[in-house]
Participant: 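Pasting a structure below so you can have a look.
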There are 2 protein chains.
Amino acid sequence: MRKEQSTNYANEQFLSQVCERNSAISMISGRWKAQIVYYIYEGSNRFNLLQKKLPKISETVLARQLKELEKHAILVKAEVPGTVPTGIKYILTNKGLDLVPILESLCDWGKIYAEGKEIFAGTEAENA
Amino acid sequence: MRKEQSTNYANEQFLSQVCERNSAISMISGRWKAQIVYYIYEGSNRFNLLQKKLPKISETVLARQLKELEKHAILVKAEVPGTVPTGIKYILTNKGLDLVPILESLCDWGKIYAEGKEIFAGTEAENA
DNA sequence: GCAATAACTAACAAAATTGTTAGTCGACAA
DNA sequence: TTGTCGACTAACAATTTTGTTAGTTATTGC
């Protein structure tokens, strides 16, 4: 998948070293990831529940996104006891849970400006 | 650039309508964007200052990222008075400034887990 | 006149992400 | 026994993002 000799890859590494901010963003910036985290947080913690919430996503893509979230330890898989065949649910780790309020502030940030909050250039006193 | 008939585009639109969170993430998820916002915030507000901070970025790519940030009203361009030919500086808007603390919390989030904070599955009491 | 600097753009190529098609496996239901 | 469900995977194609190469414009310094 990743070409470890590419400039693209090297630049990603470089940015991660400049600040964790950049790796954090790359962890949550897949097409469906933030929304998946949020739905799991709200209780849609099974594969098929997520599919119902996201009717446009294909199974393949959902599985892939979940796997990447698992790779970054934002969630883990757990067996649902007493189901045959064994069902699987997704549980946010503490790392994933800590992300939720940050996603909420991003949400608010997007919302207030989308709803028409005035935008202007920073301090006018800035004549450097 | 964008194919407005693609599934990919439709899915992006769909997610934006589910929650502003998703459009917010797409605004900041370009390779260099968060870091550029941060450097401008810290005072590296000229094209060439940003190039010095990010030696690996090419001019073309930097110009492209700045243009996208401008499109999302996170920053604006301003002429630097008294320079010939007219210099240009980048100023964060209030929208861009509001983003900074969110980027800081993402940074902290990334950092504490990268530094070894223990990760475990959410509440064990969750037997749903 | 020749090179250099600041701040770009266009066209193209490389790489990465996203989406599609098809198939798996075990258990139950009709 | 054919079909369905839940939870996937592999291979491939479409789309998007990122990076590269080669310009541009105006002006000052040599």
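Residue numbering restarts at 1 for every chain, and letters A, B, ... go by the order of the sequence lines.
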Participant: Within the 4.0 Å limit for protein heavy atoms, which parts of nucleotides 5-10 of chain C are touched? Write it as a string from 5' to 3', B for base, S for sugar-phosphate only, - for none.
Facilitator: -SBBBB
Participant: Between Thr93(B) and Ala73(B), is there a donor-acceptor pair closer than 3.5 Å when you use the side chain of the first and the backbone of the second?
Facilitator: yes
Participant: Over how many whole Å does the gap from Glu12(A) atom CD to dG19(D) atom C1' extend?
Facilitator: 14 Å
Participant: So do the side chains of Phe47(A) and Ile88(A) get within less than 4.5 Å of each other, counting heavy atoms only?
Facilitator: no
Participant: Is the shortest side-chain N/O distance from Asn11(A) to OP1 or OP2 of dG19(D) below 4.0 Å?
Facilitator: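 Yes, such a contact exists.
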Participant: Please confirm whether Arg21(A) makes a cation-pi placement over Tyr38(B), using NZ or CZ under 6.0 Å from the six-membered ring centre and within 45° of the ring normal.
Facilitator: yes
Participant: Measure the shortest side-chain to side-chain distance between Leu99(B) and Leu106(A) over non-hydrogen atoms and say whether it is less than 4.5 angstrom.
Facilitator: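 Yes. Closest side-chain heavy atoms under 4.5 Å.
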Participant: Is a donor on one side and an acceptor on the other found under 3.5 Å between the side chain of Asn45(A) and the backbone of Ile91(A)?
Facilitator: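 No, the answer is negative, given that no donor and acceptor are paired below the 3.5 Å cut-off.
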Participant: For Pro101(A), is there any backbone N or O sitting under 3.5 Å from a side-chain donor or acceptor partner on Ser105(A)?
Facilitator: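 At least one qualifying donor-acceptor pair exists.
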Participant: Quick check on dT20(D): is either OP1 or OP2 less than 4.0 Å from any side-chain nitrogen or oxygen of Thr7(A)?
Facilitator: yes
Participant: My understanding is that only residues two or more places apart in sequence, or in another chain, count here; which of them pass salt bridge (charged side-chain N to carboxylate O under 4.0 Å, His left out) with Lys117(B)?
Facilitator: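 Lys117(B) satisfies salt bridge (charged side-chain N to carboxylate O under 4.0 Å, His left out) with Asp98(A) only.
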Participant: Nearest-Å distance, CZ (Arg2(A)) to P (dT18(D))?
Facilitator: 12 Å
Participant: Just how far, in rounded Å, is C1' of dC8(D) from CD of Glu70(A)?
Facilitator: 12 Å
Participant: Look at the side chain of Asn94(A) and the backbone N and O of Glu118(B), then say whether any donor-acceptor pair between them is shorter than 3.5 Å.
Facilitator: yes
Participant: Check whether any side-chain N or O of Ser58(A) sits under 4.0 Å from OP1 or OP2 of dT21(C), and answer yes or no.
Facilitator: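 Answer is no, no contact under 4.0 Å.
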Participant: Would you kindly give the CG-to-C1' distance between Asn45(A) and dA7(D), to the nearest whole Å?
Facilitator: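 It works out to 14 Å between those atoms.
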Participant: In this structure, how many angstroms lie between the P atom of dT18(D) and the CG atom of Asn8(A), rounded?
Facilitator: 7 Å
Participant: Round to a whole Å and report the spacing from CG of Leu50(A) to C1' of dC5(D).
Facilitator: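 Those two atoms, CG and C1', are 16 Å apart.
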Participant: Can you measure Leu69(A) atom CG to dT18(C) atom P for me and round it to whole angstrom units?
Facilitator: 11 Å
Participant: Heavy atoms only, 4.0 Å cut-off, all strands: where does Gln65(A) land among base, sugar-phosphate and nothing?
Facilitator: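 It contacts sugar-phosphate atoms only.
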Participant: Listed in order of residue number, which residues of residues 20-39 of chain B have a non-hydrogen atom at under 4.0 Å from DNA chain C?
Facilitator: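 The stretch gives none, as no residue of it lies under 4.0 Å from the strand.
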Participant: Nearest whole Å is fine: how far is dA7(D) P from Ile57(A) CD1?
Facilitator: 14 Å
Participant: Would you say Trp32(B) and Leu15(A) make side-chain contact, with heavy atoms under 4.5 Å?
Facilitator: yes
